[in-house]
There are 2 protein chains.
Amino acid sequence: MMKDFECTQESYAREVLREKGLKSTAQRLAVVHILHMSGKSLSIGEIHCGVKDLLGNTGLATIYRTLEMFEDLGIVKRLHFPDGGHGYTFSQGEHVHHMVCVDCRGVFDFSECPAENFDYASVEKQGFRMKDHFIQLFGQCGKCVEAA
Amino acid sequence: MMKDFECTQESYAREVLREKGLKSTAQRLAVVHILHMSGKSLSIGEIHCGVKDLLGNTGLATIYRTLEMFEDLGIVKRLHFPDGGHGYTFSQGEHVHHMVCVDCRGVFDFSECPAENFDYASVEKQGFRMKDHFIQLFGQCGKCVEAA
DNA sequence: TATTAAATGAGAATAGTTTTCAACTAATTT
DNA sequence: AAATTAGTTGAAAACTATTCTCATTTAATA
């Protein structure tokens, strides 16, 4: 389906889906494609529009279902904006953090974890069992700084 | 109006409101009271119920308005849960981070910032201008570990 | 190519949030 | 203490976001 020449991201998604016995549908690959191409985080609505541009009519429910599944599979990450909105960005399951431009919502990954050397002893002393952490940096990207 | 004996949190909120020329209504102080008493993060619905218990009928819109305002004023912080839900917790504007129990949604503050010693040079090299960061640790608190 | 389990689209249903506006109230002034 | 006034509230409507249902379609496999 879709295309003959696929980028690594699409192959990666195909592979993850196949391993779980899930289908690589045109809609799912289109979501990957759009997220990958955009270079920034996209809202549900933006993703929906993008998929419709690629495939013609596509149900919004499919986008919701796909993104939820992709998040579980580690194919996308959901970002939380200060205003309560959400953005989605492609991910290959690595432990990366995100620097988000609050103006254009561009996403810039960085793999060094700011909390890498943090001593969790004080936290764990209280019996707390750490599972995960979520770090997001907010600011303005170079372009938006200039434009302002 | 409300109570004769106020805790520091309520006085703090009164003060912040007064400075901005905003009114210290029973509804607003009730929100502070509930957040402070609960010792964990609360959802909008839980806060609404709590305020209704204290004051009798209270509009849900007021809760939304109050929390939005309080967030702007730094009186509450909004937490983002992995499932997309939100929780609110009292704050006095200090720079603290939160450890959140994914089971009971209890919130445990810690003032040491995990990212304190992180070198943002690589980020800033790309022209990114940092404004803020958001860090949240997820896990299970001692009680929920035992209960499981 | 036939089979089958998974996925989709459409729209209804539900949940979450914001807006509007007349009535009300905290804080200030007289 | 009463009058003033600007900010605030409740209620319902309006709007937005998300999930569900089910008949139809499709990817993967045999």
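Throughout, a chain's letter reflects where its sequence line sits, starting with A, and its residues are numbered from 1.
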Would you say the side-chain atoms of His97(A) and His133(B) include a donor-acceptor pair closer than 3.5 Å?
no
Minimal non-hydrogen separation, Thr58(A) against His48(A), with atom names
O-NE2, 2.7 Å
Should Thr25(A) be listed as having a side-chain N or O under 4.0 Å from OP1 or OP2 of dT8(C)?
yes
For the pair made of CD in Glu46(B) and P in dG16(C), what is the distance, rounded to whole Å?
12 Å
Counting only side-chain nitrogens and oxygens, does Ser24(B) get under 4.0 Å of the OP1 or OP2 atom of dA26(C)?
no
Atom CG of Leu29(A) and atom P of dT8(C) are separated, to the nearest Å, by 10 Å
Which residue pairs pass the salt bridge (charged side-chain N to carboxylate O under 4.0 Å, His left out) test with at least one member in residues 49-72 of chain B, sequence neighbours excluded?
Glu71(B)-Arg78(B)
Quick one: Glu19(B) CD to dA27(C) P, roughly how many Å, whole number?
14 Å
Using only side-chain N and O atoms of Gln27(A), determine if any of them is under 4.0 Å from OP1 or OP2 of dG9(C).
yes
Five-pair end axes of the helix from dT1(C)-dA30(D) to dT30(C)-dA1(D) and the angle they enclose, rounded to 10°
40°
Those residues at least two apart in sequence (or on a different chain) that pass side chain to side chain contact (heavy atoms under 4.5 Å, CB included) with Met37(B) are His33(B)
Sorted by chain and number, sequence neighbours left out, side chain to side chain contact (heavy atoms under 4.5 Å, CB included) with Gln9(B) holds for Cys7(B), Val32(B), His36(B), Phe90(B), Gln92(B)
Specify the separation, in whole Å, of atom CZ of Arg28(A) and atom C1' of dT25(D).
14 Å
Determine which pairs satisfy side-chain hydrogen bond (donor to acceptor under 3.5 Å, both in side chains) with at least one residue from residues 134-144 of chain A, sequence neighbours left out, and list them in order.
Asp103(A)-Gln140(A)
5'-most contact on DNA chain D: Gly21(B) or Thr58(B), nearest heavy atom basis?
Gly21(B)
Which residues satisfy the ring pair (Phe, Tyr, Trp, His ring centres under 6.0 Å) test with Tyr12(B), sequence neighbours excluded?
none
Would you say dA27(C) has OP1 or OP2 under 4.0 Å from some side-chain N or O of Arg18(B)?
no
Protein and nucleotides 15-19 of chain D: nitrogen or oxygen contacts under 3.5 angstrom:
from: dT18(D); atom 1: OP2; to: Tyr64(A); atom 2: OH; distance (Å): 2.5
from: dT18(D); atom 1: O5'; to: Tyr64(A); atom 2: OH; distance (Å): 3.3

Just grab all the salt bridge (charged side-chain N to carboxylate O under 4.0 Å, His left out) pairs involving residues 16-32 of chain B, residues at least two apart or on different chains.
Glu15(B)-Arg18(B)
Could you state the CZ-P distance from Arg14(B) to dA26(C), rounded to the nearest angstrom?
10 Å
note: Ile63(A), atom CD1; dT8(C), atom C1'; distance rounded to Å ~ 11 Å
Taking only nitrogen or oxygen atoms into account, show me every contact under 3.5 Å that the protein makes with nucleotides 21-25 of chain C, one pair per line with its distance.
from: dT25(C); atom 1: O2; to: Lys23(B); atom 2: NZ; distance (Å): 3.4

Summary of ring-ring contact (aromatic ring centres under 6.0 Å, His included) pairs that have at least one residue in residues 49-83 of chain A, sequence neighbours excluded:
His80(A)-His86(A), His80(A)-Phe134(A), His80(A)-His80(B)
In whole Å, what is the span from the CG atom of Leu54(B) to the C1' atom of dT9(D)?
17 Å
By side chain to side chain donor-acceptor pair (under 3.5 Å), Arg129(A) pairs with (sequence neighbours left out) none
Just one of Leu29(B), Leu60(B), Thr62(B), Ile34(B) clears the side chain to side chain contact (heavy atoms under 4.5 Å, CB included) bar with Val51(B), so which one?
Ile34(B)
Contacts of type side chain to side chain contact (heavy atoms under 4.5 Å, CB included), residue Cys49(A), not counting sequence neighbours
none
Measure from CG on Leu55(B) to C1' on dG10(D) and round the result to the nearest Å.
13 Å
Does dA11(D) have OP1 or OP2 under 4.0 Å away from a side-chain N or O of Asn57(B)?
yes
